[in-house]
Novice: 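After the structure tokens below, expect a handful of questions from me.
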Amino acid sequence: MSRILVTGGGGFLGSRLVERLAADGHDVVAARHAEFDLTSAEDTTRLFDEVAPELVFHLAAEVGGIGANRANPGRYWYANLMMGAHVLEQARLHGTPKLVIAGTICAYPKFAPIPFREDDLWNGYPEETNAPYGVAKKAILVGAQAYREQYGTNAVFLLPVNLYGPGDNFDLETSHVIPALIRKMVEAGERGEEEITLWGDGSPTREFLYVDDCVEAFRLAAERYDGADPVNVGTGEEISIRELAELIREATGYDGAIVWDKTRPNGQPRRKLDTSRAEAAFGFRATVPLRDGIGRTVAWFRSAHVPA
């Protein structure tokens with residue numbers, strides 16, 4: 001049994017990871033923003049003083065979809081940079097044996113070769129709408145590698161793709177594409193609306209990872225990986241937003257028209273990961289097919305949703 005700290009432990013990924021670690025018999029502390037503001041050095045120090053963790057999963061982040069990134073570029077840059085820096089510094093000062101840090105594929109260059117390989121991370125600037133968030137996360141990778149070199153800090157850095165699943169954020173102002181589409185289509189169906197409008201032209205591709213698969217990846221990395229190199233975490237499969245919308249239409253039973261607003265941004269043109277390093281380094285391979293995961297997510301949303 002280990003004493004484990006999960007920052008962002010009340011969030012989407014964090015809450016599922018906390019459940020899994022507790023089920024495995026560990027002593028888990030879920031740090032939540034209401035108790036500890038990790039953009040504050042004082043709060044982060046207090047957290048590490050109180051918990052004295054043997055293992056840290058740093059998942060806390062301020063993040064959202066294209067609209068949220070466009071509305072909060074400064075905040076997303078500052079908050080994510082400060083949280084990561086403070087966690088690294090306190091882990092150093094407290095002699096924490098290991099950290100597993102969540103990065104983001106928003107850190108990849110806008111026109112990175114497909115599939116994204118970890119070695120291409122620095123070969124260009126990220127897509128503009130989420131660049132501040134992505135650059136902040138890349139800076140934490142640099143910090144983790146620098147702390148390893150100078151202080152011997154065992155900090156590993158994972159790059160998960162877009163997550164989805166039961167318990168996701170379905171707020172239309174800040175959610176990512178799968179929960180946003182599910183809510184739009186379910187509520188449009190409830191209201192009898194004959195069409196919905198989606199951003200862009202539907203051509204960009206994305207890769208999606210079911211949340212429980214991501215939990216398993218983080219757990220395996222904590223157990224088996226001690227390297228300095230970042231590691232992609234995903235399925236290695238891409239789907240266009242247009243195809244995704246049709247898949248969600250099928251799962252929700254929405255029979256109205258889909259209108260594409262081409263005046264809105266598409267975001268990065270393509271996202272697909274090379275996931276071979278994760279499999280080689282710590283034996284991770286995703287198991288939940290996208291269609292099955294979307295079906296589970298739609299069922300959860302309907303059970304938790306108050307009809308419009």
Novice: When you measure from the side chain of Glu118 to the backbone N and O of Val231, does any donor-acceptor pair fall under 3.5 Å?
Specialist: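 It does not hold such a pair.
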Novice: If you look only at pairs with a residue in residues 285-298, which of them pass as a salt bridge (Lys or Arg N to Asp or Glu O under 4.0 Å), with sequence neighbours excluded?
Specialist: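 Pairs touching residues 285-298 that pass the test: Glu250-Arg291, Glu279-Arg285.
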Novice: For residues 253-263, which residue pairs qualify under salt bridge (Lys or Arg N to Asp or Glu O under 4.0 Å), counting only residues two or more places apart or in two chains?
Specialist: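 Pairs touching residues 253-263 that pass the test: Asp261-Arg264.
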Novice: Once you measure the plane-to-plane angle for Tyr76 and Tyr133, does it fall in the parallel (<30°), tilted (30-60°) or perpendicular (>60°) bin?
Specialist: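 Tyr76 and Tyr133: perpendicular rings.
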Novice: Please report the C-alpha distance between Ser175 and Asp168 in whole Å, then the side-chain angles of each, then the deciding distance to 0.1 Å, and finally whether the side chain to side chain donor-acceptor pair (under 3.5 Å) criterion is met.
Specialist: CA-CA 8 Å; Ser175 61; Asp168 204 344; over 6 Å; no
Novice: Quick test of your reading: applying salt bridge (Lys or Arg N to Asp or Glu O under 4.0 Å), list the pairs with at least one residue in residues 124-134, sequence neighbours left out, ordered by first then second residue.
Specialist: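 Pairs touching residues 124-134 that pass the test: Lys110-Glu128.
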Novice: With a 6.0 Å cut-off (strictly less than), is the heavy-atom count around CH2 of Trp199, excluding the residue itself, greater than 12?
Specialist: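 Counting other residues, nucleotides and ligands, CH2 of Trp199 exceeds 12 neighbours.
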Novice: Does the plane of the ring in Tyr147 sit parallel, tilted or perpendicular to the ring in Tyr151? Use 30° and 60° as the thresholds.
Specialist: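 Perpendicular: the ring planes of Tyr147 and Tyr151 meet at over 60°.
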Novice: Does any pair with a residue in residues 79-89 pass salt bridge (Lys or Arg N to Asp or Glu O under 4.0 Å), and if so which ones, sequence neighbours excluded?
Specialist: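 For residues 79-89: Glu89-Arg92.
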Novice: As a test of understanding, state which of Asn154, Asp226, Thr153 forms a side chain to side chain donor-acceptor pair (under 3.5 Å) with Lys98.
Specialist: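 When side chain to side chain donor-acceptor pair (under 3.5 Å) is applied between Lys98 and each of Asn154, Asp226, Thr153, only Asp226 qualifies.
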Novice: Check ring pair (Phe, Tyr, Trp, His ring centres under 6.0 Å) between Phe157 and all other residues, then give those that pass, not counting sequence neighbours.
Specialist: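 None.
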Novice: Could you work out the complete set of other residues in the hydrophobic cluster of Leu93, with links drawn between I, L, V, M, F, W and Y side chains under 4.5 Å apart?
Specialist: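 Result for Leu93 is none, singleton.
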Novice: Is there side-chain contact between Asn266 and Asp201, with heavy atoms separated by less than 4.5 Å?
Specialist: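 Asn266 reaches Asp201 side chain to side chain.
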Novice: I want to check something: taking the side chain as every heavy atom from C-beta on, are Val142 and Trp122 in contact at a cut-off of under 4.5 Å?
Specialist: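 Yes, close enough: below the 4.5 Å cut-off.
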Novice: Strictly distance-based, threshold 3.5 Å: is any side-chain N or O of Lys137 a donor or acceptor partner for the main-chain N or O of Leu159?
Specialist: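 Between the backbone of Leu159 and the side chain of Lys137 there is no qualifying donor-acceptor contact (under 3.5 Å).
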Novice: Using 30° and 60° as the class boundaries, would you call the ring planes of Tyr164 and Phe208 parallel, tilted or perpendicular?
Specialist: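 Tyr164 and Phe208: perpendicular rings.
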